[in-house]
Amino acid sequence: MKKAIVTFSILGIFTALVWAFPILAQNGDERPKGLDDRGPLTKITFIHHKKGYAKPAQVGKPKATACYGFLANGAKWKTTEDYRVNPTNPDGLNDNDVMNAVDAGVSEWENYGGNSIFGNSIKDPDITYNESMDGKNSASFGPYADSGVIAVTNVWGYFGGPPQTRALVEWDMLFNTDSSWTWGDATSNPLLMDLRNIATHELGHSAGMDDLYNTSCNLETMFGYSTEGDIIKRTLNDGDITGIQKLY
Ligand SMILES: [Ca+2]
Ligand SMILES: [Ca+2]
Ligand SMILES: [Zn+2]
């Protein structure tokens with residue numbers, strides 16, 4: 001996992017704030033408390049590698065005893081939003097297989113964190129992974145430049161300032177098809193890359209959870225590596241459960 005943080009144009013954000021609060025921007029004293037302190041809208045990119053790849057230099061703060069981490073304390077969904085899934089894939093999975101795999105991951109997180117994390121699932125054969133925000137949360141298949149990468153998830157949100165002002169605003173997920181493996185259901189064939197397993201991990205990022213790289217946390221859904229046949233991330237482990245319950 002490589003975490004890249006791209007800060008949006010400060011000027012652009014300022015311009016947006018001035019546009020949204022023209023009077024308040026001229027009189028800072030009357031600005032709603034907290035909004036101006038929460039920091040810039042930021043994108044965090046999570047890259048999920050296959051096992052065997054070197055540990056990336058930039059990783060989250062590992063908690064040896066807790067086995068969970070957040071993108072930022074308090075950075076969670078404040079209102080639920082629907083998510084779009086494009087089931088189109090080159091590996092012969094039918095639409096229901098894909099929809100069910102992603103929806104099962106959503107249900108697993110909401111089973112422990114409450115049902116106000118994600119909204120409803122929408123099948124959308126036109127939705128694609130985006131490097132920039134378009135107002136739609138999405139999961140889709142497509143080629144990624146690095147064939148050792150299983151999946152990538154972009155999460156946009158306000159990660160700075162007082163924790164109560166932080167929030168998540170969008171996520172986009174890509175299942176890499178430019179790879180040596182075949183996507184499928186590994187409970188029936190361990191040679192496959194299990195879509196439900198990977199989707200559940202990536203949806204953890206969508207919910208606000210960070211990767212874990214300490215090998216003592218390798219039973220957690222949020223452990224940062226996977227490989228063909230891996231299905232243990234389908235179900236949350238103790239650290240995942242503690243984390244999502246603390247966040248929501
Ligand atoms: Ca999007
Ligand atoms: Ca949004
Ligand atoms: Zn990850």
Side-chain angles (χ1 to χ4, degrees), residues 1-6 8 41-63 67-72 75 77 80-86 102 105 108-109 118-142 144 146 148-157 168-176 193-215 217-227 230 232-234 236-237 239-240 243-244 247:
M1 199 286 301
K2 189 172 76 184
K3 185 193 289 185
I5 297 184
V6 179
F8 280 27
L41 180 57
T42 304
K43 177 173 86 169
I44 301 179
T45 300
F46 291 92
I47 300 178
H48 195 63
H49 286 96
K50 263 190 70 164
K51 229 173 250 176
Y53 278 71
K55 182 181 173 182
Q58 291 183 334
V59 297
K61 311 113 262 181
K63 287 190 176 141
C67 280
Y68 67 85
F70 305 136
L71 307 192
W77 289 95
T80 61
E81 287 188 4
D82 295 343
Y83 57 95
R84 292 163 185 273
V85 179
N86 186 340
V102 176
E108 183 67 7
W109 285 106
F118 297 95
N120 294 316
S121 171
I122 299 169
K123 182 159 81 172
D124 184 347
D126 297 319
I127 201 76
T128 55
Y129 170 81
N130 248 310
E131 290 294 345
S132 50
M133 291 179 66
D134 67 352
K136 293 170 181 169
N137 308 305
S138 74
S140 60
F141 294 83
Y144 188 76
D146 182 341
V149 168
I150 300 172
V152 185
T153 299
N154 285 324
V155 183
W156 289 269
L168 302 179
V169 298
E170 186 167 335
W171 56 271
D172 271 36
M173 184 181 301
L174 180 74
F175 303 115
N176 189 11
M193 188 67 78
D194 192 71
L195 180 62
R196 180 170 159 187
N197 188 70
I198 300 301
T200 307
H201 172 93
E202 298 302 322
L203 286 162
H205 295 315
S206 308
M209 303 293 291
D210 203 355
D211 278 313
L212 303 165
Y213 286 101
N214 189 321
T215 51
C217 300
N218 64 358
L219 297 180
E220 306 294 333
T221 291
M222 294 318 295
F223 187 63
Y225 298 112
S226 300
T227 192
D230 179 7
I232 62 170
K233 295 178 177 64
R234 285 179 169 213
L236 302 194
N237 200 51
D240 302 310
I244 200 68
L247 187 58

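Every value quoted in this text rests on a predicted model; they were computed, and no experiment measured them. In each ligand, atom 1 is the first atom listed, and ligand 1 is the first ligand listed.
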| Looking at the Zn ion (ligand 3), is one of the N, O or S atoms of E202 less than 2.8 Å from it? |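 Not a single backbone or side-chain N, O or S atom of E202 is under 2.8 Å from the Zn ion (ligand 3).
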| query | N/O/S atom of H48 under 2.8 Å from the Zn ion (ligand 3), yes or no? | reply |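 False for H48.
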| task | Angle at the Ca ion (ligand 1): provide the value between OD1 of D134 and O of K136, rounding to 10 degrees. | result |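 Between OD1 of D134 and O of K136, the angle at the Ca ion (ligand 1) is about 90°.
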| OE2 (E170) - the Ca ion (ligand 1) - OD2 (D172) angle, nearest 10° |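 My answer is 130°, to the nearest 10°.
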| task | Specify which N/O/S atom of D211 comes nearest to the Zn ion (ligand 3), by atom name. | result |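 Within D211, restricted to N, O or S, the Zn ion (ligand 3) is closest to atom OD1.
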| field | H205, N/O/S atom nearest the Zn ion (ligand 3) | value |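 In H205, the N, O or S atom with the shortest distance to the Zn ion (ligand 3) is NE2.
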| query | Can you tell which of D172, D126, D124 makes a salt bridge (charged side-chain N to carboxylate O under 4.0 Å, His left out) with R84? | reply |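 One option only clears the test, and that one is D124.
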| message | Would you call the rings of Y83 and F118 parallel, tilted or perpendicular, taking 30° and 60° as the class edges? | response |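 Answer is perpendicular, since the angle exceeds 60°.
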| query | With a 3.5 Å cut-off and no angle check, do the side chains of Y225 and D230 form a donor-acceptor pair? | reply |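 Judged by distance alone, the side chains do not pair up.
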| Are side-chain N/O atoms of H201 and D211 paired as donor and acceptor at under 3.5 Å? |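 H201 vs D211: donor-acceptor pair found between side chains.
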| Electrostatic pair R196-E108, nearest N-O below 4.0 angstrom |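 E108 and R196: not salt-bridged.
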